[in-house]
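Reminder, nothing fancy here: chain letters follow the sequence lines and each chain counts from 1.
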Protein chains: 2
Amino acid sequence: MLRVSKLTDYAVVVLSRLEAEGGVQTAPGLAAATGLGEPTVAKVLKMLSQAGLVEGQRGARGGYRLLRPLAELPLSEVIVAIDGPIALTACVDGGMGLCEAEHVCPVRGRWDPVNAAIRDALSGITVARIATPKPALLPALVAE
Amino acid sequence: MLRVSKLTDYAVVVLSRLEAEGGVQTAPGLAAATGLGEPTVAKVLKMLSQAGLVEGQRGARGGYRLLRPLAELPLSEVIVAIDGPIALTACVDGGMGLCEAEHVCPVRGRWDPVNAAIRDALSGITVARIATPKPALLPALVAE
DNA sequence: CCAATCCGTACCGGAAAAGTCCGGTTTCCC
DNA sequence: GGGAAACCGGACTTTTCCGGTACGGATTGG
């Protein structure tokens, strides 16, 4: 179904909330604000921290801080941070010896232009674009 | 990892072989030619047949026949045939009541531009593009 | 010194995919 | 006309991977 993981979706939610609030936010606080599970939020934040999208500050008054405004953050970076490198098939990344039909496979490594095209399309969309069109009238959406 | 199913990969392989040989090919024959499992190839062909990309001819001398040259077949159609509609998250297609955090989710349905972008990128790449870079020297590849 | 918070790792359960199998129907060859 | 070959449609089993959870350690501020 050409899906990304749910964690990526959560990441967008958390990032959105992080920018809406501003400053340093704790993982439990963001969990309460987004309605997601606390361990899940912590996991997402951790991944984003490793990818350099947010910065974690340890200690008693610690928390997470946004390193870049969402308007300058392409969606592809979030996907890479959560789901790993963008590659539609397993044939392209590391292991190539695990394909038993290797010598008769006519498409060996030919998915590259596809991956490139998708990576390109995803680089052109910022997180801000899909997170909150107009932060002000967000309640209008949830009213439904 | 933003992956498509392996079946889609197989579909490209089978389609490529189908065009390389030309005419009507049987599922067991294609399985032997591609090195894939016979039931798996049959399954893929069945799906492609339902999607209208190939045509199945029943009976003793039956088999499958390509309905369109691969150069005119966008990759997106193959993905849709195998993996279903292109939608990155579960929030967009049918079920929207299954999201328990619906009332606090700030990204409701906002993935649409992303899906559109990917669908667009995939429509611009033909199967022939990734199947055989230069159709003429295909024998050089299969000669191993 | 203690509490709050992030960090890293390991574990477990459930869902979706991958592959297989079987009965039925259709068509061609003998 | 009978039998074989091939597609068709579904269901089933196995396997793999993702989502969620839990625990111990490290670090900082009061």
Can you see if the side chain of [X] gets near the phosphate of [N] - specifically, an N or O under 4.0 Å from OP1 or OP2?
X	N	result
B:Thr40	C:dA18	no
B:Tyr10	C:dG19	yes
B:Arg61	C:dC29	yes

Classify [X] by what it touches in the nucleic acid, base, sugar-phosphate, or nothing, heavy-atom distance under 4.0 Å.
X	answer
B:Ala42	nothing
A:Lys6	sugar-phosphate
A:Lys43	base

Gap between atoms [atom1] and [atom2], on [X] and [N] respectively (whole Å):
X	N	atom1	atom2	answer
A:Leu45	C:dC6	CG	C1'	10 Å
B:Ile82	C:dA16	CD1	P	19 Å
B:Leu30	D:dA6	CG	C1'	13 Å
B:Leu36	C:dT20	CG	C1'	15 Å
B:Lys46	C:dT25	NZ	P	16 Å
B:Glu55	C:dT27	CD	P	12 Å
B:Met47	D:dG10	CE	P	12 Å
B:Leu48	D:dC8	CG	C1'	15 Å

Shortest non-hydrogen separation from [X] to [Y] and the atoms involved:
X	Y	value
A:Ser5	A:Ile82	OG-CG2, 3.8 Å
A:Leu67	A:Glu55	CD2-CB, 3.8 Å
A:Leu70	A:Ser16	CD1-CA, 3.8 Å
B:Leu18	B:Tyr64	CD1-O, 3.9 Å

Listed nucleotide nearest any side-chain atom of [X], set [options]:
X	options	value
A:Gln50	D:dG20, C:dC28, C:dG8	C:dG8
A:Tyr64	C:dC7, D:dG20, D:dC7	C:dC7
A:Ala60	D:dC7, C:dA3, D:dC17	C:dA3
B:Ser5	D:dG29, C:dA17, D:dG9	C:dA17
A:Leu7	D:dG20, D:dT21, C:dA18	D:dG20
B:Arg3	C:dG19, D:dG19, D:dC18	D:dC18

Toward the 5' end of DNA chain D, by each residue's nearest nucleotide, A:Gly37 or A:Arg58: A:Gly37
Side-chain donor/acceptor of B:Arg119 to backbone N/O of B:Ile86, under 3.5 Å: yes
Salt bridge B:Glu77-B:Arg68, side-chain N to carboxylate O under 4.0 Å: yes
